[in-house]
Amino acid sequence: MKEVFFTIEAEKPSDIEYSVFYSKQKNILYVFWKGTSDLPLDFTIEIVTKLLDYMKEQQIDSYISISKEHTGRWDSSNDWFYEEGFQMANDAGIRRIASVLSESEYANLSHLISHSKISIKVERKYAYKLFNDIDEAEDWIIKDRMKYKIKRQNT
């Protein structure tokens with residue numbers, strides 16, 4: 001089986017929808033977000049923890065969060081991502097995190113705040129970038145993997 005859609009059960013706000021998709025061929029986990037509200041901290045922690053457990057178990061090294069249809073922000077979770085969430089990703093063996101931005105500039109503020117904080121954090125083993133579409137994010141992941149493999153072969 002090359003591709004899997006699956007559900008991660010979590011209590012969520014009524015106007016938030018998400019779907020999780022794993023491409024074994026690309027070794028990328030995708031999460032598609034849709035809705036209008038802020039993502040509450042307890043929901044975010046539960047989802048991220050379950051996603052990272054699955055990724056670690058399956059040895060998935062890259063993740064794309066697609067927020068094209070999510071117009072809410074995640075201010076409630078930004079500090080947690082910075083202080084704990086991205087460290088958990090590091091510990092789970094994640095090497096690349098891509099966020100595909102929303103159509104809503106308002107919603108993108110959360111991504112931009114998080115990205116600016118993470119960009120200055122030096123103790124990490126992963127790369128985190130923002131994109132406007134999924135194809136750009138996938139291309140970056142594939143190219144970054146190749147650079148990493150070449151670098152490892154040369155050392």
Side-chain angles (χ1 to χ4, degrees), residues 4 6-13 16-24 26-35 37-68 70 72-102 104 106-134 136-152 155:
V4 179
F6 59 94
T7 302
I8 294 178
E9 296 298 325
E11 191 170 324
K12 63 179 180 57
I16 296 292
E17 295 298 324
Y18 63 94
S19 57
V20 181
F21 173 73
Y22 172 54
S23 170
K24 190 170 185 170
K26 295 178 184 177
N27 195 30
I28 299 173
L29 186 84
Y30 304 77
V31 180
F32 295 84
W33 296 99
K34 185 176 184 177
S37 72
D38 183 9
L39 296 177
L41 181 59
D42 55 344
F43 168 72
T44 302
I45 292 170
E46 184 177 4
I47 287 293
V48 169
T49 301
K50 289 178 179 180
L51 287 172
L52 291 174
D53 287 346
Y54 179 81
M55 292 177 76
K56 187 173 184 176
E57 178 184 302
Q58 299 297 318
Q59 298 180 338
I60 303 168
D61 68 355
S62 301
Y63 166 79
I64 302 176
S65 175
I66 299 106
S67 299
K68 281 284 194 198
H70 184 258
R73 293 172 54 184
W74 19 49
D75 293 344
S76 299
S77 304
N78 247 350
D79 288 340
W80 178 82
F81 272 119
Y82 179 67
E83 296 298 328
E84 297 178 45
F86 285 107
Q87 184 60 48
M88 289 170 61
N90 219 18
D91 296 344
I94 309 309
R95 297 294 168 250
R96 286 154 218 89
I97 301 171
S99 289
V100 177
L101 297 172
S102 173
S104 162
Y106 173 75
N108 290 335
L109 290 175
S110 296
H111 287 292
L112 297 172
I113 290 166
S114 182
H115 187 264
S116 66
K117 285 183 174 183
I118 297 306
S119 295
I120 60 172
K121 195 169 184 171
V122 280
E123 294 296 327
R124 64 172 198 223
K125 298 176 184 172
Y126 59 85
Y128 174 49
K129 287 188 80 169
L130 304 176
F131 296 92
N132 289 316
D133 69 43
I134 297 170
E136 289 176 357
E138 287 177 335
D139 289 346
W140 169 71
I141 287 171
I142 292 165
K143 288 176 185 173
D144 193 68
R145 267 196 202 123
M146 291 306 296
K147 282 194 309 190
Y148 180 74
K149 285 180 184 178
I150 291 169
K151 190 185 213 181
R152 275 195 358 215
T155 56

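Quick caveat: nothing in here was measured; it's all calculated off a predicted structure.
- For the pair V20/Y18, a side-chain contact is recorded, criterion being any heavy-atom separation below 4.5 Å from C-beta on.
- Between atom CD1 of residue I134 and atom CD1 of residue I64 there is a gap of 7.0 Å, rounded to the nearest 0.5 Å.
- Scanning both residues, R95 and N90, for their nearest heavy atoms gives NH1-O, 3.9 Å.
- Looking at D53 and E57, their side chains never come closer than 4.5 Å, going by heavy atoms from C-beta outward.
- Every residue two or more places apart in sequence or in another chain that forms a side-chain contact (heavy atoms from CB on, under 4.5 Å) with N27 is listed here: Y22, I60, D61, R145.
- Under the salt bridge (Lys or Arg N to Asp or Glu O under 4.0 Å) criterion, K34 pairs with E69, not counting sequence neighbours.
- For M88, the side-chain contact (heavy atoms from CB on, under 4.5 Å) partners at least two apart in sequence or on another chain are T49, L52, W80.
- The structure places NZ of K129 at 6.5 Å from CH2 of W140, a figure rounded to the nearest 0.5 Å.
- Rounding to the nearest 0.5 Å gives a distance of 10.5 Å between CG of L51 and CD of E46.
- Residue S23 holds its OG atom at 5.5 Å from CZ of F21, rounded to the nearest 0.5 Å.
- By the side-chain contact (heavy atoms from CB on, under 4.5 Å) test, D139 is found to be paired with no residue, residues two or more places apart in sequence or in another chain being considered.
- K143 NZ to R96 CZ: the interatomic distance, rounded to the nearest 0.5 Å, is 14.0 Å.
- Residues passing the side-chain hydrogen bond (donor to acceptor under 3.5 Å, both in side chains) test with N132, sequence neighbours excluded: none.
- Here the straight-line distance linking atom OH of Y128 with atom CD1 of I94 works out to 14.0 Å at 0.5 Å rounding.
- The shortest distance between side-chain heavy atoms of I97 and F86 falls below 4.5 Å.
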